[in-house]
Amino acid sequence: MNRLKGMFDIHADAGYYAAIKAAIQAVAHSHHLARIETPILESSDLFHRGMGADTDVIRKETYTFNDRASRSLTLRPEGTAGVVRAFIEAKLYARPEPVKKFYYDGPMFRYERPQKGRFRQFHQMGVEVFAEASPSVDADLIHASVAILEHLGLTAHLELNQLSNTSKPDYKAALKAHLKPHLDSLCADCQTRYADNPLRILDCKIDATHTALQNAPMPLDYLSDEETAYFNALQDHLKALEIPFTVNNHLVRGLDYYTGMVFELKVDEAILGAQNTVAGGGRYDDLVHTLGGPALGATGFAFGIERLVVALKAAEIAPLTDPLDLYVMVLDASVTDYALQLVKALRHAGCAVMMSHHDGSMKKQFKTVTQLDAAYAAILGPDELASGTVTFKHQASGTAHRLNLSDTATMTRILHGGDA
RNA sequence: GCGGCUGUGGCGAAGUGGUUAACGCUCCGGAUUGUGGCUCCGGCAUUCGAGGGUUCGAUUCCCUUCAGUCGCCCCA
C-alpha cells in the first residue's frame with residue numbers, strides 16, 4: 001500500500017509546518033482574527049457557484065463524486081467558498097463588529113499533475129475579511145499577509161493590480177476586439193483562452209512580448225474614476241505601511257469571484273520554479289450575495305503552506321523543534337517503578353522526559369541519550385535506589401549531580417535551565 | 001490532459017550481457033558486564049520499481065506499466 005499520487009505524509013517536515021502554524025497564530029492574534037473551520041467536503045454546487053463553473057479548477061481539477069444518496073459532493077479545492085457559505089449560514093454578517101475577520105488553515109484538494117510546489121492534497125492558510133469595500137481594509141489585509149512572512153523570516157515581493165468591476169464586460173469586449181486581428185499569431189493556448197477566458201492572455205508567458213499585447217488595452221485604462229481613486233488610495237496606504245510593491249497590470253487571477261484589487265506574493269523563481277506565488281488574494285465583493293447572503297463586500301488571501309516550506313528550506317531557516325529535557329536510564333528492572341514515578345512527577349512539572357524501558361547496558365542507554373539529543377541524562381540503578389538518589393548528568397558539559405530522588409523541585413529547576 | 005528526465009539496501013551513491021551487486025552515512029552486535037558520544041572488529045540487498053520479451057544467461061538490451069521529478073496548462 002502506497003500513498004496516492006500527489007499526496008504525502010508529513011513527518012520529516014513537521015517542524016516546518018509547526019513553525020508556519022506558529023507564525024499564523026501570532027498574526028491571527030495581533031490582527032485579532034477569529035478562527036473558522038469548515039468541512040473539507042461540501043456540496044459540489046457551492047464551488048461551481050463560488051469559483052465559477054468555467055474555471056479550470058472546477059472544470060478539470062476537482063475531486064467530485066456522489067455519496068450513497070447520490071448527492072454530488074466535492075473535496076474543497078480552496079477555502080473561500082466554504083467560509084463564505086458558513087458566514088451566510090450562521091448569519092455572521094449580523095455580528096456587531098463592523099469589520100469581520102476570519103482565518104483558517106487546512107487541506108485542499110485539486111486533481112492536478114503534481115510538480116514542485118503543487119500537489120493534489122495541499123494545505124492553505126487563509127484570511128477572509130467581510131466589510132464594505134475600503135482601501136484601508138485591503139491595506140490592513142495585505143499587511144497581515146506580509147506579517148506572516150516576516151514572522152517566518154521570509155521575504156517575498158508584492159504584486160498588485162486592480163480589476164475593473166463596473167466595466168468588466170466592456171473591457172473584455174475591447175480586449176477581444178483588439179486581439180481579433182492578431183489571433184493567428186498568438187500561441188495555441190491563447191487562442192483557446194480567447195474564447196474561454198480572454199483576460200488570461202494578459203498573463204501569458206509565451207506571448208508576453210507580442211506586439212499585440214504590448215499595445216493592448218489594459219484593465220487600468222478601463223477603471224471608473226471611483227476605482228482609480230480606490231486603487232490610488234490603496235497604494236498610498238501601502239506606502240504609509242512601508243510595504244514595497246509593484247503594480248502589475250498583467251496580474252489576473254484564475255477564479256471568477258475576484259472583483260477589484262488582486263495581489264500576489266512571489267518569491268524568487270530559483271526557489272520555487274514556476275510555482276513561485278506563495279500567496280494570492282483580492283477582493284470578492286459579489287460572492288456573499290451570489291451565494292445567497294446580503295450584498296456585503298469581502299477581501300481575502302490564501303497562502304500555500306507547502307510552498308512556504310520550500311521557501312523556508314531555501315532560506316535555511318530552522319524548523320521548530322521540541323527538544324527532550326531528560327532521558328532516564330534504567331539500569332535494572334528492580335528500579336522501574338521508581339523511574340516511572342520520577343518521570344511522572346517531572347512531566348507534571350512541565351518537563352519533556354523519556355525513560356528506558358528495556359534496561360540494556362549503560363553504554364547502550366547513553367547512546368540512546370545521544371540519539372535523542374536529550375539535554376540531561378538521569379541514571380537510576382541499584383546504587384541510587386539504595387541511597388535514595390538519582391544522578392543527573394548535563395550532556396553538553398558532562399557535569400553530574402547527585403540529587404535526592406524525591407527532590408523533583410530541584411530537578412525541574414535544572415531541567416528548565418536553572419542552576420543546581 | 002501533454003512533454004522531458006529518473007527509478008539499485010533506511011538514506012546517498014557506483015556498477016556490469018555471465019559464477020559472491022562497490023563505497024559512504026545510518027543502524028545492529030562486540031572489543032569496553034555502572035558513565036557513553038573517539039577508535040577498532042564484525043553484521044545488515046538470494047536482489048537492482050513492477051510485469052512481459054530477446055538471450056544459453058539480464059540489474060544491465062527491448063516493450064508495457066507504475067511511481068517520482070521537472071516543465072506546459074492552471075493555481076497556493
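Chain A is the first sequence line, chain B the second, and so forth, proteins listed ahead of strands; every chain is numbered from 1.
In this structure, A:E78 reaches neither bases nor backbone, as no heavy-atom distance under 4.0 Å exists between it and the strands shown. Using a 4.0 Å heavy-atom cutoff across all strands shown, A:G281 reaches no nucleic acid atom at all. Among the atoms of the strands shown, none is found under 4.0 Å from any heavy atom of A:T368.
Between B:G9 and B:A14, the two P atoms lie 13 Å apart (nearest whole Å).
In this entry B:U69 has B:G4 as its Watson-Crick or G-U wobble partner, both defining distances falling under 3.5 Å.
Remark: A:Q115 is in phosphate contact with B:G71, judged by side-chain N or O atoms under 4.0 Å from OP1 or OP2.
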Heteroatom pairs (N/O) under 3.5 angstrom, protein to nucleotides 27-30 of chain B:
unit_1	atom_1	unit_2	atom_2	d
B:C27	OP1	A:Q371	NE2	2.9
B:G29	OP1	A:K364	NZ	2.8

Tabulated below should be each protein N or O lying under 3.5 Å from an N or O of nucleotides 3-9 of chain B; please produce it.
unit_1	atom_1	unit_2	atom_2	d
B:G3	O6	A:R113	NH2	3.3

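For A:Q371, the CD atom sits in a packed shell: over 12 heavy atoms of surrounding residues, nucleotides or ligands are nearer than 6.0 Å.
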Ignoring hydrogens and angles, write down the donor-acceptor pairs under 3.5 Å from the side chains of residues 43-53 of chain A, residues two or more places apart or on other chains.
unit_1	atom_1	unit_2	atom_2	d
A:S43	OG	A:D45	N	3.3
A:S44	OG	A:S72	O	3.1
A:S44	OG	A:S72	OG	2.7
A:S44	OG	A:L73	N	3.3
A:S44	OG	A:L73	O	3.3
A:S44	OG	A:T74	OG1	2.7
A:D45	OD2	A:R49	NH1	3.3
A:R49	NH2	A:T290	O	3.2

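In this structure the side chain of A:L320 never reaches within 4.5 angstrom of the side chain of A:K21, judged on heavy atoms.
With respect to the salt-bridge test (charged N to carboxylate O, under 4.0 angstrom), the residues A:E78 and A:R110 do not qualify.
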